[in-house]
Amino acid sequence: MNMKRRDFITLLGGAAAWPLAARAQQSAMPVIGFLHPASPESYADQLRAFRQGLKEAGFVEGENVAIEYRWAEGQNDRLPALADELVRRRVAVIAAAGGPNSTLAAQAATTMVPIVFVTGQDPVRLGLVTSLARPGGNLTGINFFTVELVAKRLELLRELLPGAMRITVFVDPASAATTESTLRDVEAAARVMRLQIQVLKASTSREIEAAFTSFVGERPDALFVGISTFFIARRVQLAQLAARHAVPAIYPDRLHAEVGGLISYGASLTDAYRQVGIYTGRILKGAKPADVPVVQSSKFELVINHPTARMLGLTVPPTLLARADEVIE
């Protein structure tokens, strides 16, 4: 095969340009910053849901979008530095998942980069947005919690345990905004229902152990577990200790019930993360957070773990079983 020298040089030049073109295409790929206070192992299902939402919006990781992950591994004090890293990385949008701590860290790090949050708190009260309909700044996202859910969980607990009077409320002080809201709402609901409330706080695995050890002196009738990314990460420990101490417990999401927790009621975290993916895709397509309304999750799940109920010697009322979205057998 004959090849002229000029053709050979041209071919060599084209071959050399290929990696340059690939790099240029790669650098042009938008980058999402994903910020979370926990670890990827604890939120594997939610991460898949986030990617599913992105796919529904037209983006697939590695094909037309890249994702920079920053996990605080349960250390909330790392979040501000991780948020700063993402801003310096010049990401196109930050998905601040896992509650208000990551969102507040991202908000403090930038007023320019769009932020999509998912939070169980009122985003207006937290100062994240001006209003749900018109956020007004560089933040928008998913609000998966309503005030009525705290009272609803207490009602479900009372329905399952009609004689329960002394309720221990478990909260995570490291999530200050969530803890404050939970205690305010649970105390108001408890007054109406004439329940006695004891508050226990834990933000480490050792503190969880110590809290349950305190039950030896006077065991509560039931345990009300508050919303916390840390509690989700420690859900197996919580379920095992509740079983060991024979304390019926209600949790805010199905992840607890799936690992042995007695009963859970709350918004679907998986669905909320999918919606975060969809919103992140909308921002990548040019939508401005200021004009994208905060969406409130409307999918709530009641999950009952029947083997745990039997182990605790409880008979779940048929009316409660009938209303459950899932009964784990």
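Just so you know, residue 1 is the first one in the sequence shown, and it goes up from there.
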Rounding to 0.5 Å, atoms OG (Ser214) and CG (Leu200) come to a distance of 5.0 Å
Please walk me through it: do Thr308 and Asn305 pass side chain to side chain donor-acceptor pair (under 3.5 Å)?
CA-CA 6 Å; Thr308 299; Asn305 190 306; 3.1 Å; yes
Salt bridge (Lys or Arg N to Asp or Glu O under 4.0 Å) filter on Arg219, not counting sequence neighbours, yields none
Indicate if Ile94 and Leu126 have the same hydrophobic cluster label, given that clusters are the connected sets of ILVMFWY residues with side-chain heavy-atom separations under 4.5 angstrom.
yes
What is the distance from atom CZ of Arg235 to atom OG of Ser264, rounded to the nearest 0.5 Å?
12.0 Å
Here the gap from Ile142 atom CD1 to Thr119 atom OG1, rounded to the nearest 0.5 Å, amounts to 11.0 Å
So which pairs with a foot in residues 306-316 pass salt bridge (Lys or Arg N to Asp or Glu O under 4.0 Å), sequence neighbours left out?
Arg310-Glu329
Quick one, Leu47 and Tyr273 - any side-chain contact, counting heavy atoms below 4.5 Å?
no
Between Glu73 and Arg78, does at least one N-O distance fall below 4.0 Å, as a salt bridge requires?
no
Applying ring-ring contact (aromatic ring centres under 6.0 Å, His included) as the test, list every pair that has at least one member in residues 163-212; sequence neighbours left out.
Phe170-Phe212, Phe170-Phe231, Phe212-Phe215, Phe212-His245
Do side-chain atoms of Tyr279 reach the backbone of Gly53 as a donor and acceptor pair under 3.5 angstrom?
no
Separation of Gln240 CD from Ile208 CD1 (nearest 0.5 Å)
11.5 Å
Rounded to the nearest 0.5 Å, what separation is found between the CD atom of Glu218 and the OG1 atom of Thr168?
9.0 Å
Looking at side-chain heavy atoms only, is the closest gap between Val225 and Ile250 below 4.5 Å?
no
Pairing residues for Lys288 by the side chain to side chain contact (heavy atoms under 4.5 Å, CB included) criterion, not counting sequence neighbours:
Asp291
Could you tell me whether a side-chain N or O of Gln237 sits under 3.5 Å from a main-chain N or O of Ser205, the two making a donor and an acceptor?
yes
Can you list every pair that meets ring-ring contact (aromatic ring centres under 6.0 Å, His included) and has a residue in residues 76-97, with sequence neighbours left out?
none
Determine whether a donor-acceptor pair (N or O, by modelled atom type, separation under 3.5 Å) exists between the side chain of Arg244 and the backbone of Leu241.
no
Among residues at least two apart in sequence or on other chains, which ones pass salt bridge (Lys or Arg N to Asp or Glu O under 4.0 Å) with Arg48?
Asp45
Output all residues satisfying salt bridge (Lys or Arg N to Asp or Glu O under 4.0 Å) with Glu159, sequence neighbours left out; order by chain, then residue number.
Arg323
Roughly how far, to the nearest 0.5 Å, is CD of Glu301 from OH of Tyr265?
10.0 Å
With a 4.5 Å heavy-atom cut-off, do Val65 and Val60 have their side chains touching?
no
What do the steps show when you test Val169 against Glu187 for side chain to side chain contact (heavy atoms under 4.5 Å, CB included), and what is the final call?
CA-CA 10 Å; Val169 179; Glu187 286 168 0; over 6 Å; no
Do any N or O atoms from the side chain of Asp221 and from the backbone of Ile167 form a donor-acceptor pair under 3.5 angstrom?
no
Return each pair, listed once, that meets ring-ring contact (aromatic ring centres under 6.0 Å, His included) where at least one residue sits in residues 76-107; pairs must be two or more places apart or across chains.
none
Tell me, do Thr130 and Val124 make a side-chain contact under 4.5 Å, heavy atoms counted?
no
Following the transitive rule for hydrophobic clusters with a side-chain heavy-atom cut-off under 4.5 Å over Ile, Leu, Val, Met, Phe, Trp and Tyr, establish whether Leu156 and Leu149 coincide in one cluster.
yes
With distance as the sole test, does Ser102 use its side chain to make a donor-acceptor pair with the main-chain N or O of Gly99 at under 3.5 Å?
yes
Taking everything shown except Glu155 itself, do over 12 heavy atoms lie less than 6.0 Å from its CD?
yes
Are Val327 and Tyr251 connected in a single hydrophobic cluster, I mean Ile/Leu/Val/Met/Phe/Trp/Tyr linked by side-chain heavy atoms less than 4.5 Å apart?
no
Please answer whether the main-chain N or O of Val113 pairs with a side-chain N or O of Asn138 as donor and acceptor at a distance below 3.5 Å.
yes
For a ring pair (Phe, Tyr, Trp, His ring centres under 6.0 Å) check, start with the C-alpha distance between Phe50 and Phe34, then their side-chain angles and the critical distance, and finish with the verdict.
CA-CA 10 Å; Phe50 172 71; Phe34 186 90; 5.1 Å; yes
Is the backbone of Asp172 close enough, under 3.5 Å, to the side chain of Ser175 for a donor and an acceptor to pair up by distance?
no
Does Ser181 form a side chain to side chain donor-acceptor pair (under 3.5 Å) with Thr178? I'd like the steps, not just the answer.
CA-CA 5 Å; Ser181 175; Thr178 305; over 6 Å; no
side-chain hydrogen bond (donor to acceptor under 3.5 Å, both in side chains): pairs with one or both residues in residues 55-70, sequence neighbours excluded:
Arg51-Glu61, Arg51-Tyr69, Gln52-Glu56, Glu56-Arg274, Glu61-Tyr69, Glu68-Arg70, Glu68-Arg89, Arg70-Glu85
Assess, by modelled atom type and distance only, whether the side chains of Thr182 and Thr179 contain a donor and an acceptor separated by less than 3.5 Å.
no
According to a 4.5 Å side-chain heavy-atom criterion applied to Ile, Leu, Val, Met, Phe, Trp and Tyr, with indirect links allowed, do Leu302 and Leu160 form part of one hydrophobic cluster?
yes
For Ser131, the side chain to side chain contact (heavy atoms under 4.5 Å, CB included) test, sequence neighbours excluded, returns Ala133, Arg134
Taking side chain as C-beta onward, heavy atoms only, is Val199 less than 4.5 Å from Ile197?
yes
Quick one: side chain to side chain contact (heavy atoms under 4.5 Å, CB included) partners of Ala239, sequence neighbours excluded?
Val259
Expected output: side-chain Thr140 to main-chain Val292 donor-acceptor under 3.5 Å:
yes
Counting N and O atoms only, with roles assigned by atom type, does the side chain of Asp325 sit under 3.5 Å from a partner on the main chain of Val303, one being a donor and the other an acceptor?
no
Which residue pairs satisfy the ring-ring contact (aromatic ring centres under 6.0 Å, His included) criterion with at least one member in residues 81-118, sequence neighbours excluded?
none
Between Gln46 and Leu255, does the side chain to side chain contact (heavy atoms under 4.5 Å, CB included) criterion hold? Intermediate values first, please.
CA-CA 10 Å; Gln46 287 67 42; Leu255 294 176; 3.8 Å; yes
Taking the side chain as C-beta and beyond, is there a heavy-atom pair between Arg153 and Pro252 under 4.5 Å?
yes
In terms of hydrophobic clustering (I, L, V, M, F, W, Y; side-chain heavy atoms under 4.5 Å; direct or indirect links), are Leu238 and Leu157 co-clustered?
no
